[in-house]
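Notes to accompany the following structure.
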Amino acid sequence: MKRITANGGMRVKDFSIKHTFESAQPLTFHADYNEREGTLSYVNYDSLIRARFSDGAAACRISVDPENSTKIERELASRFRLGDNMDRIYQNISTDSFMESAIRQYRGMRITLNDPWETTLCFILSQYNNVKRIRLIVQRFIAEFGPEIRDGDGIAIAKGFPTSERLTEYSEAEFRKAGAGFRARYVANAADFCTNNLNLHKLRGKRYPDLKEALMEISGVGDKVADCIALMGYGSMEAFPIDVWVKRTLEQLYFNSREKSVKELHRFAEERWGDYMGYAQQYLFHSSRDNNLTVIESNSIGASG
DNA sequence: ACCCAGGCGGGCG
DNA sequence: CGCCCGCATGGG
């Protein structure tokens with residue numbers, strides 16, 4: 001699955017940087033990806049991670065700076081879950097023609113594994129919001145509240161993701177000015193709570209139900225956001241975040257467009273996709289959203305043209 | 001102009 | 001438990 005080649009690069013089967021980056025995960029909100037060049041850069045804690053990717057039918061080729069290739073490759077392997085057994089995952093979530101075509105269209109899209117606080121902040125900002133604007137706000141947070149990242153000579157090269165501790169030094173009004181809107185209060189509460197009351201790193205290793213319960217103690221983190229944090233901040237594959245897109249799609253595909261409660265949909269997902277429901281959710285979410293956006297765009301082009 | 005977005009807390013019955 | 005409401009703000 002992962003092979004080290006002679007020049008130090010990696011080849012990874014069933015991995016697509018494009019589909020992963022575009023699937024509205026925390027990385028999407030703050031990383032810088034140039035599709036034409038195949039370059040990705042983002043800050044992980046205090047270091048700037050840069051890599052070049054080329055998606056291919058057989059595998060994705062990844063090359064990094066040989067200087068500290070071991071460290072960067074370890075970070076990429078963790079962040080993109082390069083160790084996942086995609087054959088087994090695809091086999092388990094290919095339950096019907098919709099899932100089969102989603103896998104065909106977005107093959108290689110991975111669930112990412114991100115820092116728990118980074119994930120928490122991103123998804124608090126995501127509520128009742130759209131992807132483009134979430135990205136805008138997250139990037140403002142980094143620019144205005146994030147730490148300066150410096151190279152070996154002390155020269156500033158980037159800004160990093162602001163820790164909860166750092167954010168306690170700013171006020172709700174400042175978060176509002178950065179575009180957080182009504183979520184500004186949740187951000188202020190969460191930053192304080194996760195700095196003084198709840199150590200997110202100590203939740204690692206907790207079972208999914210306990211993890212979710214603990215996360216929901218944070219004001220501004222409800223059922224859906226807690227599932228997002230469990231999935232993308234802790235790697236709990238039993239988490240199945242149900243947002244407006246997933247809800248609509250599940251109802252249309254499997255319930256003849258009849259309204260179902262989130263609780264019923266959770267039960268349905270657990271029964272249908274079991275241990276890999278988190279992955280099933282990401283393919284449902286991304287394919288329904290991406291195809292819908294494509295339709296809207298082509299419609300508006302046709303109407304205005 | 002109107003509608004929507006990876007929802008949540010709070011108030012109500 | 002379920003239902004309903006307000007919420008800030010940029011883009012289609």
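Here is how names work: the chains are called A, B, and so on, in the same order as the sequence lines, proteins then strands, and each is numbered from 1.
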**Item:** Identified side chain to side chain donor-acceptor pair (under 3.5 Å) counterpart of A/Thr112 within the set A/Gln282, A/Arg81, A/Gln25
**Value:** A/Gln25
**Asked** So, for A/Phe255 and A/Phe268, is the gap between ring centers shorter than 6.0 Å?
**Response** yes
**Prompt:** Tell me: CD of A/Gln127 to P of C/dT9, nearest whole Å?
**Reply:** 14 Å
**Fill in**
Checking B/dA5, C/dC1, B/dC8 against the side chain of A/Lys263 (C-beta onward), the nearest is C/dC1
**Asked** Closest to the A/Asp243 side chain: B/dG9, C/dA8, B/dG7?
**Response** B/dG7
**Request:** Determine the interatomic distance between P on B/dG11 and the same-named atom on C/dA8; round to the nearest Å.
**Result:** 16 Å
**Asked** Going by the angle between their ring planes, with limits at 30° and 60°, are A/His19 and A/His286 parallel, tilted or perpendicular?
**Response** tilted
**Item:** Whichever of A/Met232 and A/Ser219 has its nearest DNA chain B nucleotide further upstream toward 5'
**Value:** A/Met232
**Message:** In this structure, how many angstroms lie between the P atom of C/dA8 and the CZ atom of A/Phe175, rounded?
**Reply:** 16 Å
**Message:** Taking 4.0 Å as the cut-off, does a side-chain nitrogen or oxygen of A/Arg183 come that near to OP1 or OP2 on B/dG7?
**Reply:** no
**Asked** Could you state the CG-C1' distance from A/Leu215 to B/dG7, rounded to the nearest angstrom?
**Response** 16 Å
**Prompt:** Under a 4.0 Å heavy-atom cut-off, which of residues 128-140 of chain A touch DNA chain B?
**Reply:** A/Tyr128, A/Asn129, A/Asn130, A/Val131
**Request:** Round to the nearest Å and state the distance from A/Arg289 atom CZ to B/dA5 atom C1'.
**Result:** 9 Å
**Item:** Protein-nucleotide distance (A/Lys247, atom NZ; B/dA5, atom P), rounded to Å
**Value:** 12 Å
**Asked** What is the ring orientation for A/Tyr283 with A/Tyr90, classed by angle as parallel under 30°, tilted 30 to 60°, or perpendicular over 60°?
**Response** perpendicular
**Prompt:** Of the candidate nucleotides B/dG7, B/dG9, C/dT9, which contains the atom at the shortest distance from the side chain of A/Lys224?
**Reply:** B/dG7
**Request:** Please report, rounded to the nearest Å, how far the P atom of B/dG7 is from the CG atom of A/Asn189.
**Result:** 20 Å
**Request:** Both distances under 3.5 Å, Watson-Crick or G-U wobble: on that basis, could you give the dot-bracket string for DNA chain B, with [ ] for crossing pairs and | for other-strand partners?
**Result:** .||||.|||||||
**Request:** Please work out which of the three classes, parallel, tilted or perpendicular, describes the rings of A/Tyr170 and A/Phe175, given edges at 30° and 60°.
**Result:** tilted
**Asked** Expressed in angstrom and rounded to an integer, what is the separation of A/Leu125 atom CG from C/dG10 atom C1'?
**Response** 15 Å
Could you pull out all donor-acceptor pairs under 3.5 Å where a side-chain atom in residues 231-243 of chain A meets a protein atom, sequence neighbours excluded?
from: A/Tyr234; atom 1: OH; to: A/Leu200; atom 2: O; distance (Å): 2.8
from: A/Asp243; atom 1: OD1; to: A/Val246; atom 2: N; distance (Å): 3.1
from: A/Asp243; atom 1: OD2; to: A/Trp245; atom 2: N; distance (Å): 3.3

**Prompt:** At under 4.0 Å between heavy atoms, what does A/Ser23 touch on the DNA or RNA strands: base, sugar-phosphate, or nothing?
**Reply:** base
**Asked** Looking just at side-chain N and O atoms, do A/Thr195 and A/Thr168 make a donor-acceptor pair shorter than 3.5 Å?
**Response** no
**Message:** Say we look at B/dC8 and C/dG10: how far apart would their P atoms be, to the nearest angstrom?
**Reply:** 22 Å
**Length of the line joining A/Phe285:CZ and B/dG7:C1', which is rounded to integer Å** = 13 Å
**Prompt:** Hey, are A/Glu213 and A/Tyr208 close enough side-chain-wise for a donor-acceptor pair under 3.5 Å?
**Reply:** no
**Asked** How would you label the contact of A/Met216 with the nucleic acid (heavy atoms, under 4.0 Å): base, sugar-phosphate, or nothing?
**Response** nothing
**Item:** Test item: A/Tyr106 and A/Asp290 side chains (from C-beta on) under 4.5 Å apart, heavy atoms
**Value:** yes
**Request:** Any chance you could measure A/Asp46, atom CG, to A/Leu48, atom CG, to the nearest 0.5 Å?
**Result:** 11.0 Å
